[in-house]
Participant: 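Pasting in a structure now, in structure tokens, and then I'll have a few things to ask.
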Amino acid sequence: MSDTIPRPVIIDTDPGVDDALAIMFAHRAPTLQVQGITTVFGNQTIEKNTRNACSLVDLLGAGTPVYRGASRPLVKGAPRVKSHDETELGNYRHSGKLRSEAPMTEPKDGDALHFLACAITAGTRIACLGPTTNLALLANLYPEALGQAEALVIMGGVFDQPGNTSPWAEFNVHCDPDALAQLLNFNGVNKILIPADICRAVTMDESDFLHVGDHALSQAIGNIVGEYVAYYRGDHSYGSFTGGVMYDTLVIGYLLWPELFNVEPRHVIVETGD
Ligand code: RIB
Ligand code: CA
């Protein structure tokens with residue numbers, strides 16, 4: 001396939017500071033065409049994550065359609081939300097210069113599931129940046145649609161290291177382990193898992209993302225990632241550097257440069273107990 005024709009991608013996300021960077025990189029990559037954004041609970045509530053996705057579409061001036069997805073996990077109780085901060089986009093909301101509180105972009109009518117069932121084509125790859133609840137529901141309700149996709153690239157899980165949410169769990173899977181278990185049992189589509197172990201090995205320095213665009217975009221990124229970077233500056237286990245483990249950005253990195261990754265076939269079992 002020519003590497004100059006933009007390839008379609010759908011981003012399923014719970015923005016999220018690292019999600020925000022991933023969404024920005026995907027939109028600025030000339031070889032990707034973002035067909036749509038579907039949101040899911042996770043870093044924040046579905047309402048806040050959907051509003052954040054709309055704010056990011058405003059910021060990028062991209063016009064990308066946003067569809068609201070699952071507000072809670074398939075089986076487990078009420079979702080837990082992690083808070084890097086109250087909105088999960090750092091100080092972005094207080095910037096004032098970039099947007100009012102309410103984003104201009106509104107989520108589209110119709111939910112994420114219906115959009116995914118209709119929009120996926122043979123060349124579509126889906127970047128899964130949050131709990132995989134939407135994709136598990138799609139596998140259960142519209143298996144033939146999901147089977148059309150070229151691949152799912154999923155940020156999730158942890159194998160040979162402690163988790164980032166419990167000693168055993170990475171956040172996205174911790175939010176909805178049953179969803180990933182069901183999705184991995186769906187054999188109709190290729191799934192590439194990028195676990196926390198790998199994300200921790202590919203950290204980003206501030207210089208990697210503070211200059212991705214014009215002044216307004218760079219300033220917004222600074223507002224979004226500020227608190228996150230401050231956290232890592234103080235986290236001596238990572239060497240207190242000025243950057244961060246920007247988990248979700250590695251999914252976009254794989255979509256752009258798969259040759260940089262060594263992908264191994266694995267049989268993966270998800271622990272869904274307590
Ligand atoms: O464990 C990292 C994952 O949890 C990332 O997707 C981050 O955005 C959080 O959702
Ligand atoms: Ca995420």
Side-chain angles (χ1 to χ4, degrees), residues 9-26 34 37-46 48-53 55-56 66 68-73 76 79-90 92 112 126-135 152-177 179-180 183 191-204 209 221 224-229 231-232 235 237-238 243-255 270-271:
V9 62
I10 292 173
I11 301 176
D12 189 70
T13 178
D14 63 334
V17 172
D18 56 326
D19 304 69
L21 285 181
I23 289 166
M24 288 178 189
F25 290 155
V34 181
I37 293 174
T38 52
T39 59
V40 62
F41 76 94
N43 277 315
Q44 260 300 343
T45 62
I46 186 62
K48 287 183 179 176
N49 290 345
T50 304
R51 187 183 68 182
N52 289 344
S55 296
L56 292 165
V66 176
R68 190 186 189 281
S71 59
R72 55 175 301 118
K76 302 282 182 203
R80 69 188 299 281
V81 290
K82 178 170 64 168
S83 57
H84 300 172
D85 64 76
E86 188 267 333
T87 68
E88 273 304 300
L89 279 188
Y92 179 55
I126 303 177
C128 306
L129 311 183
T132 51
T133 314
N134 292 332
L135 284 305
L152 309 185
V153 186
I154 303 165
M155 190 281 127
V158 61
F159 291 85
D160 305 322
Q161 294 178 2
N164 59 9
T165 306
S166 84
W168 303 277
E170 176 278 325
F171 180 78
N172 288 339
V173 181
H174 187 263
C175 283
D176 196 347
L180 185 62
L183 191 56
K191 295 169 282 285
I192 292 150
L193 206 56
I194 301 185
D197 322 44
I198 304 302
C199 298
R200 289 167 174 158
V202 188
T203 53
M204 295 182 78
F209 46 75
I221 292 174
I224 290 169
V225 304
E227 292 174 34
Y228 200 97
V229 169
Y231 164 80
Y232 279 100
D235 183 337
S237 62
Y238 284 100
V245 179
M246 297 298 181
Y247 294 94
D248 295 335
T249 57
L250 213 50
V251 170
I252 308 306
Y254 178 83
L255 294 178
V270 182
E271 173 53 62

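Counting starts at 1 for both ligands and their atoms, in listed order. We're numbering straight along the sequence, starting at 1.
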Participant: Under 3.5 Å, is there a donor-acceptor pair between the Tyr247 and Asn172 side chains?
Facilitator: no

Participant: Please identify which atoms of ligand 1 are closer than 4.0 Å to at least one heavy atom of Asp19.
Facilitator: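 With Asp19 as reference, the close atoms of ligand 1 come out as 8 (O).
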
Participant: Using side chain to side chain contact (heavy atoms under 4.5 Å, CB included) as the criterion, point out the one residue from Leu129, Leu56, Leu21, Ile37 that pairs with Pro15.
Facilitator: Leu56

Participant: If you check every N/O/S atom of Asp14, which is the one nearest the Ca ion (ligand 2)?
Facilitator: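 Within Asp14, restricted to N, O or S, the Ca ion (ligand 2) is closest to atom OD1.
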
Participant: Has Leu129 got an N/O/S atom less than 3.0 Å from the Ca ion (ligand 2)?
Facilitator: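 True for Leu129.
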
Participant: Below 4.0 angstrom from a heavy atom of Asp14, which ligand 1 atoms are there? Numbered from 1 as shown, please.
Facilitator: 10 (O)

Participant: Please compare His174, Arg200, Glu170, Gln44 and report which has the shortest non-hydrogen distance to atom 3 (C) of ligand 1.
Facilitator: Glu170

Participant: Roughly how far, to the nearest 0.5 Å, is CG of Asp12 from CG of Asp19?
Facilitator: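 Going from CG on Asp19 over to CG on Asp12, the span is 10.0 Å.
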
Participant: Suppose I only count heavy atoms of Asn164 and a 4.0 Å limit; which atoms of ligand 1 are within that range?
Facilitator: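 Every atom of ligand 1 under 4.0 Å from some heavy atom of Asn164: 1 (O), 2 (C).
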
Participant: Would you say that Lys191 contacts Leu135 through its side chain, given a criterion of any heavy-atom pair below 4.5 Å between the two side chains?
Facilitator: no

Participant: For ligand 1, which atoms have a heavy atom of Asn172 less than 4.0 angstrom away?
Facilitator: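 That gives atoms 3 (C), 4 (O), 5 (C), 6 (O), 9 (C), 10 (O) of ligand 1.
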
Participant: For ligand 1, does Tyr247 get within less than 4.0 Å through its side chain, its backbone, both, or neither, judged by non-hydrogen atoms?
Facilitator: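 Just the side chain.
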
Participant: Could you please compute the angle at the Ca ion (ligand 2) from OD2 of Asp248 to OD1 of Asp19, rounded to 10°?
Facilitator: 70°

Participant: Suppose I only count heavy atoms of Phe171 and a 4.0 Å limit; which atoms of ligand 1 are within that range?
Facilitator: 1 (O), 4 (O), 9 (C), 10 (O)

Participant: Under 4.0 Å from a heavy atom of Leu129: which atoms of ligand 1 are those, numbered in the order shown and with their elements?
Facilitator: 6 (O)

Participant: Donor-acceptor pair, Thr132 side chain versus Leu180 backbone, under 3.5 Å?
Facilitator: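 Yes, the answer is positive, given that a donor and an acceptor are paired below the 3.5 Å cut-off.
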
Participant: Could you tell me if the side chain of Thr50 sits less than 4.5 Å from the side chain of Val66, heavy atoms only?
Facilitator: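 In contact.
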
Participant: For Asn49 and Asp14, which I'm curious about, is there any donor-acceptor pair between the side chains at under 3.5 Å?
Facilitator: no

Participant: Which of the atoms in ligand 1, numbered in the order shown and given with their element, are less than 4.0 Å from a heavy-atom of Asp18?
Facilitator: 5 (C), 6 (O), 7 (C), 8 (O)

Participant: Any heavy-atom pair between the side chains of Asp18 and Met155 that's under 4.5 Å?
Facilitator: no

